[in-house]
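Input: a single structure, listed below in C-alpha cells.
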Amino acid sequence: MLSQQDQNQYSEAIQKLELFISCRQLDDLDTTSVSDPYVILYIKSNKDDWSKIGQTELIWNNLNPNFANSIIIDYHFEVQQHLKLEVHHYVNENQSKIIGIAQTSVGEIAGTKDQLLMADLFNQQGKKSGKIIVKADQVKQCKDDLEITISGQNILDTRFWFWRGACPFLRFYRLRKDDSNPILVYETEYIKDSSNPVWKTIECKSQKLCNGDYQMPIKIELWDYRTSGKHLYLGETTFCIEELREAFQQNKGQKKDFRNKQKNNQQVGTLSFDKFNLKQKHSFLDYLEGGQQLNLIIAIDFTASNGNPQEKNSLHYMPQNGDPSQYLQAITSVVEILIHYDYDKKVPIYGFGCKPKLKNINSNQTQHIFPLNDNPEDPEVFGLEGIIKCYRDSINNLQLDGPTYIHPMISKSMQMAQEIKDKGSENYLILMILTDGQTDDLQASIDDVIASSYLPLSIIIVGIGNADFKKMNILDNDDKTMLNSKGQKAVRDLVQFVAFNQFKHDSALLSKEVLAELPDQLVEYMELMKIDPKPPTYKQNQQYQQHFQQMVLKQNKQQQQKIE
C-alpha cells in the first residue's frame, strides 16, 4: 500500500487531459425555436456501468454550439478508458431529450492528429443526429490565479431607433500553432445596450485561460448578443498574458483595437485592460523541494477522566500482549508519516493534567505542561521509537488529575513558533494534542488560535475515547466564524480536530484525516506572509557549485597574472 506521501506524489504525477467540446448540425428538438444543447460525459467504470465525470454549460438556441466549460480527465496510457458523450436538449429543470450519443475512448482522442476528434452522433433510434467535436489539451501543472478587468470603448452601434448601441460580450480562445482550430475557453456576460461596456472581472486559473503558457496567443472575439441565439460577430483582437504582465509591471495600461476580419479589418471598437493581477500559487511540494521542514510537538492528556492506566477500561491501559492504548495507536499513525519531514527527527513531548512523580519532575500540584521525558532542559526524544519509549516509561509514574487545560501547551508552542519566525528559520511547527475530553479553558485557547494566524504553526487535536468533543470542534473553525475575546476572527485555518473512534480500526484513514488540511494550512501561512518557496535543493547546490567554480577560476587568473 502507498504511503500518504507516495499517494500525494503519485497524484501530482498523473497526466490529465482537458477536453473541449463542440457540436455541429444538431437535430432540432425544440418546437418553438431551436435546440438548447448541453453535453454530459461518462466513463465506463466496469462492464456495464457508466459514471458521470463532467458536464458542459447549457447554450440556448444553438445547433452548432461551442462549449466554454471544459472537462478534465485523468489520462492513463496503459488503460482502455471508454467514454460516452450524450448531447441533451434542455426542456426544464427535471427533463431533457437526448439529441444524440457518441462513444469513443481517451486513447482515441489522444491519438488523433492534433488531438482533435470528430464523431457522428446517433439518436435513440440509431439515426445520425449531428456531429460532436472533442479537442484535447494536456493540462499543465500551473496553479497561478488570474484577475483581469476589461472594458470596451466606442463599440460599433448595431441597433436602430430606440435600441441604440449593442449588447456586447466576449469570447476567449486559445490559439495553438496556428489559429485553424481555436479553443473556446471563456465567455463573458453580455452588457445590455452599451457602446462602452465594463465586464465583470475575470477570475480564473491561468491554466484555464492559457494552460500556463504565458506566451500563448489568446484571441478575443467581440459579439453582439441576440436572444435568438444567432449572435452577430463584430470583430477580434489578440493578446498574451506575458505582454499584460510586462505592461502592468511598468504601470501602463493596455489597449487593443477590435478589427472585423470579415470587413477588411474595419475597426469596430477598443478593448482596454484596466486591471491585471497574476498571483502565483505555490504547492506544498514546492515548499518541500525548497527545504521546508515540519517540526512536530506532542502533548498528551493525563487527566483522571482517562481512567487508571492499570485498569483495562483506561484509555492509557498498556497490556503486555495485545493492542497498544488508543493514545499510542493515534501517535503511531500520525508520527510515522510526519517524522519523515523532520530532518533531525527530534520531537519535544509534553504531558498535561496530572501530578508527575518522575525523578526530576516530582510535584504535588497539577501540571498543565511538563516534559514527559523528565528533562526540563531538553524535552526532545528521537524518532517514533523514542516517543513510544518515553510514553511507556512515564505512564506508571503519573498521578492522573485535572482539569483539562490546553492553553498552556498552545502558548508554549506559540513561543517556539515566534522564535523560529524571528530567526528566519524554514521550520514550520505542528502541535499534536491528544486528549480525552473538552478543554476547560476554551476562550483562552480560542484567543491563542486566532493569535497564531501569523505564526508558522498548525494544531492537530485528536479526541480519544467517547467524550463529547463539541468544544474541540469549535476550535477547528473551518468556516472561520470563531471570534476571540476582542471580537476578532482568524485570518487562516490552522486547527484540525479528529475523533479517534471514527477511524480506530483503520490507521491509514486516521492519518489521512488527521493530516488532510496540513499542506493547505502551511501554504496559506506562506501566502499570508508573502514567503515564496526556495529553489529546489539540487538547484541551490548547482548554484553553489557554479559560484565555487567561478571563484576558483578567478583566483587562478589572479595568480597567473602575478606570475606574469
Side-chain angles (χ1 to χ4, degrees), residues 3-5 8-9 282-300 331 334-350 369 371-373 375-387 390 406 408-434 448-462 490-496 511 514-541 544:
S3 70
Q4 187 65 35
Q5 181 184 9
N8 290 340
Q9 292 173 342
H282 300 297
S283 71
F284 181 61
L285 287 176
D286 290 335
Y287 286 98
L288 291 183
E289 284 184 346
Q292 181 69 53
Q293 290 190 64
L294 306 180
N295 292 151
L296 181 62
I297 308 166
I298 294 178
I300 302 175
I331 289 171
V334 176
V335 173
E336 66 181 2
I337 292 177
L338 286 180
I339 201 70
H340 295 303
Y341 300 93
D342 190 332
Y343 290 176
D344 66 10
K345 311 291 189 254
K346 294 180 179 179
V347 180
I349 180 167
Y350 295 90
I369 177 173
L372 197 61
N373 68 347
N375 187 346
E377 303 300 323
D378 183 7
E380 294 182 334
V381 298
F382 184 79
L384 178 57
E385 296 80 5
I387 295 169
C390 178
I406 63 173
M409 193 63 243
I410 299 177
S411 181
K412 175 65 175 178
S413 301
M414 292 172 64
Q415 178 185 338
M416 296 166 69
Q418 186 65 57
E419 291 173 0
I420 284 174
K421 184 177 179 180
D422 293 342
K423 291 177 181 176
S425 170
E426 298 170 354
N427 293 11
Y428 186 90
L429 295 185
I430 301 157
L431 168 62
M432 183 167 75
I433 300 173
L434 299 104
D448 288 341
V449 168
I450 292 177
S452 297
S453 294
Y454 296 93
L455 293 174
L457 175 66
S458 284
I459 302 171
I460 295 169
I461 303 174
V462 182
V491 296
R492 70 179 181 97
D493 179 25
L494 58 94
V495 178
Q496 171 76 333
S511 59
V514 168
L515 301 175
E517 297 181 5
L518 183 57
D520 288 341
Q521 290 175 0
L522 183 144
V523 171
E524 192 174 3
Y525 168 76
M526 296 300 179
E527 289 178 346
L528 182 65
M529 304 309 296
K530 296 182 170 54
I531 300 173
D532 291 329
K534 292 186 177 181
T537 306
Y538 70 88
K539 289 186 178 180
Q540 295 176 20
N541 291 339
Y544 172 77

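In this chain, numbering begins with 1 at the start of the sequence shown. For the numbers below, each heavy atom of this structure counts, side chains included, while hydrogens, waters and symmetry mates do not.
- With hydrogens and angles ignored, the 3.5 Å screen pairs no side-chain donor or acceptor of Asn373 with any backbone N or O of Ile349.
- Enclosure of atom NZ in Lys346 is not indicated, since only 12 or fewer non-hydrogen atoms of other residues, nucleotides or ligands lie within 6.0 angstrom.
- Residues Val523 and Ser283 approach most closely at CG2-C, 3.9 Å, considering heavy atoms.
- Among residues two or more places apart in sequence or in another chain, the side chain to side chain donor-acceptor pair (under 3.5 Å) test is passed with Asp342 by Asn295.
- Annotation: the span from Ile297 atom CD1 to Leu429 atom CG amounts to 4.5 Å, rounded to 0.5 Å.
- Distance check: Ile339 CD1 to Asp344 CG gives 8.0 Å after rounding to the nearest 0.5 Å.
- The two residues Ser453 and Tyr525 have their closest heavy-atom pair at O-CD1, 3.9 Å.
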Stepwise side chain to side chain contact (heavy atoms under 4.5 Å, CB included) check, Phe284 with Leu518: CA-CA 9 Å; Phe284 181 61; Leu518 183 57; 5.6 Å; no
From CA spacing to verdict: side chain to side chain contact (heavy atoms under 4.5 Å, CB included), Val335, Met432: CA-CA 10 Å; Val335 173; Met432 183 167 75; 4.2 Å; yes
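- Shown here are the side chain to side chain donor-acceptor pair (under 3.5 Å) partners of Ser458, two or more places apart in sequence or in another chain: Tyr428, Gln521.
- Within the model, atoms CD1 of Ile460 and CG of Leu338 stand 5.5 Å from one another, a figure rounded to the nearest 0.5 Å.
- For the atom pair CG of Leu494 and CD1 of Ile430, the computed distance is 12.0 Å after rounding to the nearest 0.5 Å.
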Distance-only check: which donor-acceptor pairs under 3.5 Å involve side-chain atoms of residues 526-533, not counting sequence neighbours?
residue	atom	partner	partner atom	Å
Glu527	OE2	Lys281	NZ	3.3
Asp532	OD1	His282	NE2	3.2

Verdict with reasoning, Ile410 to Ile433, per side chain to side chain contact (heavy atoms under 4.5 Å, CB included): CA-CA 9 Å; Ile410 299 177; Ile433 300 173; 4.1 Å; yes
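- Counting only heavy atoms from C-beta outward, the side chains of Pro348 and Met416 approach each other to under 4.5 Å.
- The two residues Tyr350 and Pro379 come nearest to each other via the heavy atoms OH-CG, 3.3 Å.
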Chi angles and distances behind the side chain to side chain contact (heavy atoms under 4.5 Å, CB included) call for Val334, Leu296: CA-CA 10 Å; Val334 176; Leu296 181 62; 5.7 Å; no
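- Ala417 and Leu455 make their closest contact through CB-CB, 4.1 Å (heavy atoms, listed as atom of the first residue, atom of the second, distance).
- Of all non-hydrogen atoms in Ala516 and Gln496, the two that sit nearest each other are CB-NE2, 4.4 Å.
- Expressed to the nearest 0.5 Å, how far CE of Met409 lies from CD1 of Ile459 amounts to 10.0 Å.
- Residues meeting the side chain to side chain donor-acceptor pair (under 3.5 Å) test with Gln418, sequence neighbours left out: Asp422.
- Across all their heavy atoms, Ile420 and Asn427 have their closest contact at CG2-O, 3.5 Å.
- Distance check: Ile331 CD1 to Cys390 SG gives 9.5 Å after rounding to the nearest 0.5 Å.
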